[in-house]
Every structure is written in C-alpha cells, then in structure tokens.
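None of the values given here were measured: they were computed from a predicted structure.
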Amino acid sequence: IVANALQNPAVFGPITKILKGNTSALIGLPFFHSYGHCIMHTMIGGMFSNLLIVTDPRDTKGMLRLIHEYNPVLQFGVPTQFMKLLEEDIKATRIIGISGSAALPPNVQEKFDQESKSFVSEGYGLSELSPVTHFNVSANIRAMGGRKMVPVMNKLLFNPVSSSFMNLSARLLGPKQYGKVFLAILGMVSDRNRKSDKLKKVEKRATIGIPVPDTTVKVVEVDTGAPVPFKEMIEDGRVGEMLLSGPQRMLGYWPEPGKGLDEEGFVHTGDVVKMDENGYFSIVDRTKDMAIVSGYKVYTREVDDILYD
C-alpha cells in the first residue's frame with residue numbers, strides 16, 4: 001500500500017510539485033474497499049492533501065454541492081457515479097475525474113468533457129496489487145497540448161523557480177481558492193484543446209492506460225501460457241492474459257505467503273489485453289467470459305460498449 005501510494009502521484013509527472021500539499025479531493029468510495037483505501041493513503045501520504053471530502057457514493061446532488069463548495073481538484077469514483085453526474089446540470093462544474101473498478105464507457109468521457117469542460121480519466125487495478133497498476137494519462141497529455149508540448153510545458157512551468165513560485169502562490173490562496181483558479185485555467189485550456197481535431201487523436205479512450213512506475217507486465221497466451229512478445233502485440237495485434245508484479249504486489253493470500261502467485265511471482269489477472277505502439281493497454285475480455293461465435297472469438301468488452309451506446 002505504501003508503494004502504491006507513492007506510485008500513483010508519480011504517474012502524473014511534474015505537476016505534482018505544485019499540487020502536493022495544496023489540494024483537496026472528493027472521494028465517493030468506501031475505505032474498506034481496496035480502491036478507496038489506497039486513494040486515502042495516496043492523497044494523505046503521497047499528495048499531502050489538505051482536505052479529503054468523503055461523501056455518500058449514491059448522493060449525486062450532495063457530490064455536486066461539495067464540489068462547488070470546496071473546489072476539490074480531484075474526484076475519485078466509479079463509472080456509475082460519473083454517469084449519474086451527467087443526469088445533473090454540470091455546466092459550472094470543474095473537476096478532474098478519475099474512474100476505476102470497472103470499464104468507463106467512452107461516450108461517458110465524451111459527454112463529461114462537453115458538459116463540464118473538464119475530463120475523466122480511467123485507471124485499472126486489482127486488490128492483489130494494492131490495487132493500482134495502470135492509469136490512462138492521455139487526457140492529461142491532451143489537456144497540456146499534446147505529446148510535443150508536454151516536455152516544453154514541463155520546462156516552463158515545473159522548473160525549480162516556477163514550481164517554487166506557484167507552490168507559494170497556492171499556499172497563499174489556500175486549497176479552496178487555489179482549486180477554483182487551477183480548475184478554471186485547466187478547464188479553459190482543456191476545452192480549447194478538446195476542439196482541436198489534431199489533439200483529439202492524442203486521447204485514447206476505452207483503454208486502461210500505461211503501467212504506473214515500477215510495475216512489471218507480462219502477457220501470455222490464454223490457452224498455452226506461452227509468453228506473447230510486446231512487439232507482436234503491436235505489429236500483429238496479438239492479445240493474451242495480463243500478468244502483473246511490482247512493489248505494490250501482495251505477499252500472497254492469507255495465511256499462506258506465495259499463494260496466488262506463479263513461480264515467477266506474477267499475479268494472473270484473468271484479463272485479456274491488447275497493447276498499442278505507445279504502450280497503452282486495453283482490456284478486451286476476461287479469460288472466463290470470452291464468447292465463441294461461429295468459430296470466432298468475440299471480446300465482451302467491445303459488446304458492452306456497443307450495448308451502452
């Protein structure tokens with residue numbers, strides 16, 4: 001859990017230099033669940049948040065009221081919560097949403113972008129890995145102007161002098177006012193970039209993203225367990241079951257150390273994945289849920305997205 005609490009902020013890059021100690025976050029998750037428990041530790045121990053706003057996961061109107069009252073920069077939740085928010089008037093809502101625990105339908109992301117001028121990103125994990133292993137950073141990259149602009153922005157905004165100045169300004173403003181200013185600027189830039197056809201292609205939806213730092217990923221054939229080379233996944237579109245390891249991995253299922261791990265120390269997720277040329281992973285199926293239609297393998301995740309649309 002400690003390792004994962006440090007890995008999670010690292011995936012956001014240099015922007016954490018000014019967010020650390022200056023932000024509040026809204027968490028609509030139970031802390032007895034690995035997702036909520038990890039985020040609590042991440043925001044307190046990794047981001048040094050001033051305020052954690054814990055709300056009833058089913059009270060959508062209450063969430064909106066708290067967002068407008070406290071201006072949290074981040075909202076952690078599950079896809080259903082973001083779907084419910086879309087049923088309300090969110091035109092004046094500015095928030096960076098982070099969704100996990102289930103697949104986030106791409107059209108929910110699109111509608112949230114359009115109506116709130118904010119964005120929702122998707123993560124992936126499982127309890128055995130404490131739980132976060134992947135995060136989709138493409139929305140953040142799009143908001144910053146694309147891949148070529150990210151290193152430029154990092155040098156301009158997050159060098160030691162600029163970071164110190166912005167961090168001091170954030171502390172003087174306080175988390176509530178800083179959140180309002182930060183999200184207003186981010187919302188304006190993100191909305192402008194969202195309308196760019198070129199930058200739209202930067203964002204990758206229906207993907208769990210890239211592994212968080214120090215996470216080891218291995219992909220094997222579902223039927224034989226033979227390794228699937230990443231090169232063949234990129235060039236030939238091969239898929240396979242994803243195996244995971246890293247410093248956030250469990251020791252084993254209690255009370256037996258090593259139980260639930262293979263001989264190399266990997267956890268078998270049961271998720272069938274593909275990977276693109278940028279290292280973004282997408283879940284296409286579960287090993288137990290794959291359907292065979294007329295001799296062809298049908299990926300149920302794709303069916304789910306079509307049914308939701």
Got [X] and [Y] here, is their nearest side-chain heavy-atom distance under 4.5 Å?
X	Y	result
S24	S49	no
V222	V272	yes
F281	V219	yes
N4	T42	no
L126	L244	yes

| Applying the ring pair (Phe, Tyr, Trp, His ring centres under 6.0 Å) test to F135, which of F12, Y280, F76 qualifies? |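 So the option named by the test is F12.
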| query | Tell me, which pairs form a side chain to side chain donor-acceptor pair (under 3.5 Å) where one or both residues lie in residues 224-245, sequence neighbours left out? | reply |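 Residue pairs passing side chain to side chain donor-acceptor pair (under 3.5 Å), neighbours aside: E221-T224, E221-R238, E232-R238.
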| field | Residue pairs passing the side chain to side chain donor-acceptor pair (under 3.5 Å) test where at least one lies in residues 74-83, sequence neighbours excluded | value |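 Checked against side chain to side chain donor-acceptor pair (under 3.5 Å) - neighbours excluded - no pair reaches residues 74-83.
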| Quick one: hydrophobic cluster around V220, which other residues, with the 4.5 Å side-chain cut-off, linked directly or via members? |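 ILVMFWY cluster around V220 also holds L243, F266.
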Got a list of side-chain donor-acceptor pairs under 3.5 Å for residues 160-170, not counting sequence neighbours?
unit_1 : atom_1 : unit_2 : atom_2 : d
S162   : OG     : L156   : O      : 3.0
S162   : OG     : N159   : OD1    : 3.4
S162   : OG     : N159   : ND2    : 3.2
S163   : OG     : F158   : O      : 3.1
S163   : OG     : N159   : O      : 3.0
S164   : OG     : P160   : O      : 2.8
N167   : OD1    : R171   : NE     : 2.8
N167   : ND2    : K17    : O      : 2.8
S169   : OG     : F165   : O      : 2.9

Is a donor on one side and an acceptor on the other found under 3.5 Å between the side chain of [X] and the backbone of [Y]?
X	Y	answer
H33	Y35	yes
T269	M242	yes
N71	K176	yes
N50	G21	yes
T215	V212	yes

| request: Take K201 and D197, measure what side chain to side chain contact (heavy atoms under 4.5 Å, CB included) needs, and give me the verdict at the end. | output: CA-CA 7 Å; K201 297 176 182 178; D197 291 336; 5.6 Å; no
Can you name the residues that form a side chain to side chain contact (heavy atoms under 4.5 Å, CB included) with [X], not counting sequence neighbours?
X	answer
V150	I141, M144, N154
E110	Q114, R194, R205
K91	D89
S116	I90, F112, S118

Check [X] against [Y] and note the closest heavy-atom contact, atom names and distance.
X	Y	result
T16	P9	CG2-O, 3.2 Å
D276	N278	OD1-N, 2.9 Å
V202	S138	O-CB, 3.7 Å
P211	H134	N-CD2, 3.6 Å

| message | Under the ring-ring contact (aromatic ring centres under 6.0 Å, His included) definition, can you give me all pairs with a residue in residues 218-243, not counting sequence neighbours? | response |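 Residue pairs passing ring-ring contact (aromatic ring centres under 6.0 Å, His included), neighbours aside: none found.
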| task | Output every pair passing salt bridge (charged side-chain N to carboxylate O under 4.0 Å, His left out) with a member in residues 48-67, not counting sequence neighbours, ordered by first then second residue. | result |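 For residues 48-67: K61-E88, R65-E69.
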| Which pairs with one or both residues in residues 129-143 pass salt bridge (charged side-chain N to carboxylate O under 4.0 Å, His left out), sequence neighbours excluded? |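 Listed once each, the pairs are D113-R142, R142-E203.
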| field | Atom NZ of K180 with >12 non-hydrogen neighbours under 6.0 angstrom | value |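 Count not over threshold, so no.
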| message | Is it the case that atom CG in L251 sees more than 12 heavy atoms from other parts of the structure closer than 6.0 Å? | response |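 At most 12 heavy atoms, drawn from other residues, nucleotides or ligands, come within 6.0 Å of this atom.
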| query | What class does the angle between the rings of F182 and Y178 fall in, given that below 30° is parallel, 30 to 60° is tilted and above 60° is perpendicular? | reply |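 Taking Y178 first and then F182, their aromatic rings sit tilted (interplane angle of 30° to 60°).
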| message | Could you work out, with salt bridge (Lys or Arg N to Asp or Glu O under 4.0 Å) as the rule, every residue matching K148, not counting sequence neighbours? | response |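 Counting only residues at least two positions away or on another chain, K148 forms no salt bridge (Lys or Arg N to Asp or Glu O under 4.0 Å).
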| Honestly curious: do M40 and I96 fall in one hydrophobic cluster under the side-chain, below-4.5 Å linking rule? |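 The answer is yes; both residues are in one hydrophobic cluster.
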| query | Does one side chain, of Y124 or D271, offer a donor that lies under 3.5 Å from an acceptor on the other? | reply |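 There is such a pair between these side chains.
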